[in-house]
Each structure stands twice: as C-alpha cells, then as structure tokens.
Amino acid sequence: MTAPDRFSTSGPDWAIIPFDAADPAHVAAIAAIWTGACGPDLALAPDTVLYHTWSVTGAVQAGQLAVCDGQPVGVALASAFPDDPATAMPDLGWIDAIAVLPAHQRQGIGSALLAWAGDWLRDQGCSAGQLGGSLRPFAPGLPTALGTAAFFYRRGYEDAHHTWDLAADLTDYSPATGALAVTCRPAEPGDGDALLAFWQREFPGRWRFEYQEHLREGGRLSDYLLLWTDRGVDGACLLTLENSLRPVERFFPYGLPRPWGQLGTVGVSQDRRGRGYGLTLVDAGLRRLRDGGVRGCIIDWTSLLDWYGRFGFAPYREYAMLYKDLA
Ligand SMILES: CC(C)(COP(=O)(O)OP(=O)(O)OC[C@H]1O[C@@H](n2cnc3c(N)ncnc32)[C@H](O)[C@@H]1OP(=O)(O)O)[C@@H](O)C(=O)NCCC(=O)NCCS
C-alpha cells in the first residue's frame with residue numbers, strides 16, 4: 001500500500017502512534033495490515049474495518065499503529081465496556097485485533113502492541129483480557145489456522161475453549177424434518193416493541209443490546225426473523241445478507257459461493273425450549289436466505305456442531321478463545 005505521508009517515525013526502526021478512528025488512512029492501514037498478516041482467507045476491506053471501529057454505545061476503544069520508515073506495519077485495537085454490566089462484564093476487556101505485516105514480524109513489534117493493549121485494558125479497570133469476541137468483533141477468537149497461538153501462550157494467554165463458524169451451500173437446502181406449523185416471518189414495522197420485549201425477557205444481555213444497536217445504526221428490522229406463538233414473539237434470529245448494514249464480509253465467507261449470507265443469533269424463550277421451535281426457526285431462516293438467492297451461508301460462533309449438522313452445516317473455521325488475567 002502507499003503510506004499516508006503524515007505517518008512519521010521516530011528513528012530508523014519503528015515507532016508507535018495512536019490510532020485515529022476518524023482518519024480514513026488509519027482505517028485503510030488496519031485493513032491492509034490485517035489482510036497482509038492474516039492472508040486472503042481472512043481479508044478485510046476498509047469498509048468492514050470502519051464497521052468494526054464505529055462507536056458502540058457505552059464502549060471505549062483505542063488503538064496503536066506501528067510505523068516503520070513512514071509505513072504502517074502493525075496494529076493493535078482494544079476495547080472495554082465499563083459502565084453497563086447488564087450487557088457485558090465491565091472487568092473483561094477485549095483485544096479486538098492485533099497484526100503485524102509478515103516482513104516486520106519477529107522484531108518485537110507484536111509484543112509491544114500486545115503489552116500496550118494489556119496496559120490500556122488495565123487502565124480501563126479490566127482485570128482480564130480476551131482476544132477477539134468484542135461487541136463488534138473482528139473475530140470471535142483467534143483463528144486457529146493462523147498458527148499463532150504460541151505467541152499468545154508465551155505472553156500469559158490461556159486457551160479456555162474453542163468455537164466454530166459453520167458453513168453450507170444453500171442451493172441444495174431441503175427443509176429440515178420436524179419443523180412445526182407455527183408462524184415464522186420477518187419482523188414488520190409494527191413489531192419492534194414486541195421484539196424488544198422478547199429480548200428483554202429472554203436474553204436481556206448482549207443479544208438485547210445488539211438488537212438495540214442494530215436499530216440505532218439504521219439496520220433493517222426485517223433482518224430479524226420472528227417466531228410467533230399464541231402469546232406473541234417466542235423466538236427470533238438475525239439474518240445477514242449482502243445488502244445488510246452489518247457487512248457479511250465480517251464472517252470471512254470468501255471460500256463459499258456467492259451470494260453470501262449469515263444466520264445467527266438464534267434464541268427461543270426459555271419455557272418453550274425442547275419443543276422444536278429452534279429447529280423451526282432455523283429452518284425458516286435458511287429457507288428465507290435460500291429463497292433470497294443466498295448460496296454460501298455461515299452460522300457463526302457456535303459449538304453446536306451436531307445440531308447445526310442436521311441442517312447440512314459443517315465446520316468452516318475454528319477459533320481458540322484466549323484469555324489473560326491482567327490483575
Ligand atoms: C502474532 C503477531 C501479531 C506477532 O507479531 P510479531 O511482531 O512477530 O511479534 P514479536 O516480534 O514481538 O514476537 C514474535 C516472536 O519473535 C521473537 N522476536 C522478537 N524480536 C526478535 C528479533 N529481533 N529477532 C528474532 N526474534 C525476535 C519474539 O521473541 C517472539 O517469539 P516468541 O513468541 O517465541 O517469544 C504476528 O505474528 C501476526 O501478525 N500474525 C498474524 C495475525 C494474528 O495471528 N493475529 C491475531 C489475530 S487477532
């Protein structure tokens with residue numbers, strides 16, 4: 001990439017400067033560094049990075065760029081959510097992204113960026129840090145295919161568990177057996193309050209927050225698919241299409257046939273589980289995506305491999321969930 005000329009270095013090697021989310025050159029630099037370090041399977045365009053760095057209500061985010069000979073070559077972004085325990089734990093912060101261009105690795109840049117991120121999170125009152133998985137995640141965790149887990153282990157991060165993105169080509173999707181004859185339909189303009197009441201009652205934390213953020217940012221209400229019973233909304237799931245506000249590239253679908261789509265989160269009322277509503281909702285969502293032309297479809301951030309296997313989904317990408325005690 002061409003380095004923006006306002007990047008300055010303090011010497012012959014590299015220097016660290018603050019990331020400015022309002023500067024398009026900084027956003028483009030993150031996209032180029034992330035893509036250069038992680039490869040084409042995990043490529044990010046500047047528009048997707050812009051989405052990841054839009055302000056999230058109640059969140060604080062900061063970043064550092066490493067600059068070498070006027071060129072941005074490394075980045076770390078971190079975020080915290082200090083004041084809204086109903087949505088997310090204030091004492092757990094996130095390292096949203098860390099990457100160094102291959103030609104500049106093994107020179108201490110990644111270590112310096114990771115140490116900065118840990119210090120910054122501690123300054124925000126966080127006693128633990130998680131790699132990935134933030135409220136606007138670049139990725140749920142560390143993509144295991146990168147082969148960089150040892151770098152984080154040696155710096156005190158521990159592998160808590162793994163999670164997966166699953167994928168299928170919906171061209172041949174045939175409706176799941178066992179779907180119930182209940183109404184599943186996209187949310188309509190008058191459904192907003194009923195859907196909010198559902199999230200507040202059943203999933204009052206992160207999923208309720210994500211719904212409110214989706215609407216605040218101008219996302220389509222109809223990207224939510226609702227399952228109705230006699231008492232109202234008893235299930236909901238979010239669908240992402242190529243023209244949704246949330247960029248579908250967030251799920252790195254590049255290995256799949258286009259058009260791309262995504263399904264999730266999926267939630268059913270606590271007292272209505274075990275009756276086939278979840279299966280019915282997912283089936284309706286997949287049929288909606290397929291009928292809208294979607295081929296390559298991702299169900300992200302799940303460990304329910306067998307359950308989604310019933311719909312023809314198979315593991316597509318694996319993530320290690322890495323945490324460090326910062327106290
Ligand atoms: C993980 C990553 C950020 C590390 O960046 P880096 O700049 O290479 O990190 P460092 O140079 O500080 O450390 C890397 C290794 O080089 C060693 N090193 C540092 N300076 C060195 C030098 N001058 N000469 C030789 N080795 C050196 C470090 O000791 C370290 O080895 P260790 O892990 O065994 O201790 C980088 O590999 C990367 O971008 N990977 C792809 C993206 C990725 O995995 N990101 C996480 C997704 S969120």
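Just so it is clear, the model here is predicted, and its values are computed rather than measured. Whatever order the structure lists ligands and atoms in, that order sets their numbers, starting from 1. All heavy atoms count here, side chains included; hydrogens, waters and symmetry mates do not.
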- prompt: Got a second to check how far Y173's OH is from L286's CG, nearest 0.5 Å?
  reply: 5.0 Å
message: Please report whether ligand 1 has a polar contact with I98, defined as an N or O pair separated by less than 3.5 Å (distance criterion only).
response: yes
statement: Separation between CG (L238) and NE2 (H214), nearest 0.5 Å, reads 6.0 Å
message: For atom 5 (O) of ligand 1, what is the closest protein heavy atom, and at what distance to 0.1 Å?
response: G110 CA, 3.5 Å
- prompt: Hey, is CD on Q200 packed in by over 12 heavy atoms from elsewhere, all under 6.0 Å?
  reply: yes
task: Give the residue and atom name of whichever protein heavy atom lies nearest to atom 39 (O) of ligand 1, and the separation in Å to one decimal.
output: V100 N, 2.8 Å
- prompt: Honestly, is R136 close enough over Y51, meaning NZ or CZ under 6.0 Å from the six-membered ring centre and within 45° of the axis?
  reply: yes
query: So does R288 pair up with D223, basic N to acidic O under 4.0 Å?
result: no
query: Does G132 have a non-hydrogen atom less than 4.0 Å from ligand 1?
result: no
query: Among all protein non-hydrogen atoms, which one is nearest to atom 44 (O) of ligand 1, and what is the separation to 0.1 Å?
result: T148 OG1, 2.7 Å
- prompt: Nearest non-hydrogen atom to atom 48 (S) of ligand 1 belongs to which of F138, F152, W34, Y319?
  reply: W34
message: Can you name the atoms of ligand 1, numbered from 1 with element, that are less than 4.0 Å from a heavy atom of S111?
response: 9 (O), 10 (P), 12 (O), 13 (O)
message: Could you tell me, atom by atom, which parts of ligand 1 come under 4.0 Å of a heavy atom of R154?
response: 32 (P), 33 (O), 34 (O), 35 (O)
- line: The answer for which part of C38 has a heavy atom under 4.0 Å from ligand 1 is side chain
- prompt: Quick one: nearest non-hydrogen protein atom to atom 41 (C) of ligand 1, plus distance?
  reply: A37 O, 3.6 Å
query: Identify the closest protein heavy atom to atom 47 (C) of ligand 1: which residue and atom is it, and at what distance?
result: L142 CD1, 3.6 Å
Distance from atom 19 (C) of ligand 1 to nearest protein heavy atom, with residue and atom: G108 N, 3.4 Å
field: For L142, the option from Y157, Y319, F151, F152 that meets side chain to side chain contact (heavy atoms under 4.5 Å, CB included)
entry: F152
query: Looking at the rings of F209 and F81, which for Trp means the six-membered one, are their centres under 6.0 Å apart?
result: yes
Inter-residue atom distance C126.SG - W94.CH2, 0.5 Å rounding: 8.0 Å
statement: Here the gap from I98 atom CD1 to F138 atom CZ, rounded to the nearest 0.5 Å, amounts to 12.0 Å
task: Step by step, work out the side chain to side chain contact (heavy atoms under 4.5 Å, CB included) result for L121 and I95.
output: CA-CA 9 Å; L121 289 175; I95 294 156; 4.1 Å; yes
- line: re atom 38 (C) of ligand 1, the protein heavy-atom contact at minimum distance is Q105 NE2, 3.3 Å
statement: The protein heavy atom nearest to atom 13 (O) of ligand 1 is F151 CE1, 3.5 Å
query: Where the closest heavy atom to atom 29 (O) of ligand 1 is concerned, which of Q107, R155, R106 has it?
result: R155
